[in-house]
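Reminder, nothing fancy here: chain letters follow the sequence lines and each chain counts from 1.
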Number of protein chains: 2
Amino acid sequence: MREILDIQKQLMPDLMDIMKKRYSILQHILVSGVVGRRTLASSLDMTERVLRGEVDFLKELGLLESDASGMKISESGRQLLEDMQPIIKMAFGLTDLEDSIAKAFHISNVIIVPGDSDTSVFTKKELGRAGAAALRKYIAKDDIIAVTGGSTMAQIANNLALSSSMKGSLFVPARGGLGESVDMQANTIASIMAKKTGGKYRLLHVPDHLGEEAYQSLIQDPQIQEVVNAVRSCRIVVHGIGDAMVMARRRKVDSDTTGSLRADGALAEALGYYFDRQGNVVHKMPTVGLRLEDLQRVEVVIGVAGGKSKGEAIASVLRHGQEDVLVTDEAAALEIMKHVQVGS
Amino acid sequence: MREILDIQKQLMPDLMDIMKKRYSILQHILVSGVVGRRTLASSLDMTERVLRGEVDFLKELGLLESDASGMKISESGRQLLEDMQPIIKMAFGLTDLEDSIAKAFHISNVIIVPGDSDTSVFTKKELGRAGAAALRKYIAKDDIIAVTGGSTMAQIANNLALSSSMKGSLFVPARGGLGESVDMQANTIASIMAKKTGGKYRLLHVPDHLGEEAYQSLIQDPQIQEVVNAVRSCRIVVHGIGDAMVMARRRKVDSDTTGSLRADGALAEALGYYFDRQGNVVHKMPTVGLRLEDLQRVEVVIGVAGGKSKGEAIASVLRHGQEDVLVTDEAAALEIMKHVQVGS
DNA sequence: CCATTGTAGGACGTTTTATGTCCCGGGCAT
DNA sequence: ATGCCCGGGACATAAAACGTCCTACAATGG
């Protein structure tokens, strides 16, 4: 049932927009009874001419009628609207969610895939596909793309494909090695992405839990510096978002730090930074690479994360206000919306 | 499931064409392995440029990849094709049927609605809707439209709506009263259609079973003659198709005639004529109005009939070869196809 | 009864998009 | 080496979409 729509979305991405547009035109006419073109246009926030095109079309189809006194819905149109109800709900519940989140957090583009990554591996894959599609959309010639690690990022890498527009791209890890299992480290992800797309990559081999002295000498290393410079001049960042405590445990953060994280109300982790509910940074991992202040200069920041359990964390990061694009799933999106009111 | 597609078809009629086009492109690329643009274009019977547009688009979506050696399908594309299989089958089973019938009987446009009018009143309504849509499509300014009676025609009338393009239309009954219940007589249908569309209408009050003398004096009547002239100069004919024996009974044809009909192998009735399996006229009702030979001059002949039981009858009429447009339902269409081989 | 407001639909120039038609440089197999 | 087919760039043209304005007409309220 729903998969029909998903497939159509893949094959004809703007189909949903058209469908929504026509639906809302009919809907507005239905509730207005008899209404004129200009009135309708302003109420739908369309230009008169565009609306007119659609209206002529819908009239052609016999879905609405018009005479000198205005337009009104026809019987077939009314029937169609009724039949469409469930489809619209199914198809655009997510779209509406996307719009709500985009508006609530001032993000330019929100993409929601149906399902819950926590419970369905398929949803997680879908999240990867959507993330890859989003990246493909924003990528341009010879871009530098900084990526983080994590299972979601790994899925994105899996779903990238050879593309001439990515030929000259350079993939780099956003920050030094963040001690996860090898196949989910940022380094690995960057290299997979590069291989999949035909782009290049550079790695940052900076172990976690480094002593201050070793750290200082490492960041003096010219090769490392070159990569760090590349990272800091990237145009696109793609990163995952995690629950603060989960990430802390995974990175084997010592109990003192864990305690202070908890005390500071750390909820979310992204790019090595920990955020509280209000989106404030309460802690940061001591490693090299992209700094939070670099994000302001980065043109496209794409956050990708899903699963009901991560909803709150995602909301925290969004509240920090650096994201341009969010790719998430339905379960997380619903959670995020719960925290719109709470946090503000 | 299927109704999603039906609804979308109503709202976006060319959606199916686009979907089919993109599907067959991907399908061709899949089976071809690696293939070039020009080769593919000729094999798909598209111009190079149009194919190129689609291919660029599909590439954008990550559904196919291309390098200097040619284009091949991507993993997502392959997956999508697989997922689409059932949808395509469902959506285009009917389209294929439409094409097959159109080709087999040399009809320019065949429209099939899903279901069986014999068993589902909803399908019958849908048939009416489709018939009305077809008529709306062909109608032009100030056309004369000749219509027959029957329950299907009544449904069409019900589904017509006010339309400026039909403002000047003149609806006339194709033939004199054919003794059915009042609300399904051609006269009634014509008047309803005129009222629904805002057009005009003329009626033909010619009773059945008229004596020769009365008949002669009637057709001398100037008013009758005026209408008959209008009928014979119509540009569009919309007519139902019936089973010969059913129609004979409904019209209370005497038993002699019924016998000779049976003896002559009469299978179908349309416009007051009876046809055998090969499409030959074996009998005609003695009344005034449109004659079969007038049809050659008529620009658009639209036949509308559905239901499994009428399949054979429809095939007979089609074989006579005067139809330009056929609107039917799935059950009838399947029956019609059975008789393609048999009759030829 | 009339003025005002809102309506559809026609018209037209402009902009954007789609399309047909070449061409070019590059792999690849012969 | 050579010829063939490949993707992709380029460009003129046809077609569609669009913004904008205008006109005649219906309805409504004074």
Go through the side-chain N and O atoms of A:Lys20 and A:Thr95 and say whether any donor and acceptor fall under 3.5 Å apart.
-> no
Taking only N/O atoms, report every protein-nucleotides 17-24 of chain D pair under 3.5 Å with atom names and distance.
unit_1, atom_1, unit_2, atom_2, d
D:dG19, OP2, A:Thr47, OG1, 2.3
D:dG19, O6, A:Arg49, NE, 3.2

Could you state the atom-to-atom distance from CD1 of A:Ile29 to P of C:dA8 in whole Å?
-> 9 Å
Just how far, in rounded Å, is P of C:dG20 from CG of B:Asp56?
-> 15 Å
Side chains of B:Ser66 and B:Lys59: donor-acceptor distance under 3.5 Å anywhere?
-> yes
Could you tell me whether the phosphate oxygens of C:dT7, OP1 or OP2, come under 4.0 Å of any side-chain nitrogen or oxygen in A:Thr39?
-> yes
Side chains of B:Asn187 and B:Tyr201: donor-acceptor distance under 3.5 Å anywhere?
-> no
Tell me, please, which residues at least two apart from A:Asp143 pass salt bridge (charged side-chain N to carboxylate O under 4.0 Å, His left out).
-> A:Arg235
Can you tell me the distance, in whole Å, between the CG atom of B:Asp67 and the C1' atom of D:dC5?
-> 13 Å
Could you give the side-chain donor-acceptor pairs of residues 28-35 of chain A under 3.5 Å, partners two or more places apart or in another chain?
unit_1, atom_1, unit_2, atom_2, d
A:His28, ND1, A:Ser24, O, 3.0
A:Ser32, OG, A:His28, O, 2.6

Check: A:Asp45 side chain, A:Ala41 main-chain N or O, donor-acceptor pair, under 3.5 Å = no
Side-chain donor-acceptor contacts of residues 77-87 of chain A below 3.5 Å, not counting sequence neighbours, with atom names and distances?
unit_1, atom_1, unit_2, atom_2, d
A:Arg78, NH1, A:Glu82, OE1, 3.2
A:Arg78, NH2, A:Glu75, OE2, 3.1
A:Gln79, NE2, A:Asp83, OD1, 3.2

What do the steps show when you test A:Glu60 against B:Arg136 for salt bridge (charged side-chain N to carboxylate O under 4.0 Å, His left out), and what is the final call?
-> CA-CA 8 Å; A:Glu60 200 73 23; B:Arg136 180 163 38 236; over 6 Å; no
Taking only Watson-Crick and G-U wobble pairs with both distances under 3.5 Å, what dot-bracket line describes DNA chain D, where [ ] shows pairs that cross earlier ones and | shows pairs with another strand?
-> ||||||||||||||||||||||||||||||
Round to a whole Å and report the spacing from CE of B:Met71 to P of D:dC5.
-> 15 Å
Separation of C:dT7 atom P from A:Leu40 atom CG, nearest Å, is 9 Å
Remember a base hit wins even if backbone is also touched, and classify A:Val55 as base, sugar-phosphate or nothing at under 4.0 Å, heavy atoms.
-> nothing
Take atom CD of B:Glu54 and atom P of C:dT19, then tell me their distance rounded to the nearest Å.
-> 8 Å
Return each pair, listed once, that meets side chain to side chain donor-acceptor pair (under 3.5 Å) where at least one residue sits in residues 3-18 of chain B; pairs must be two or more places apart or across chains.
-> A:Gln8-B:Gln8
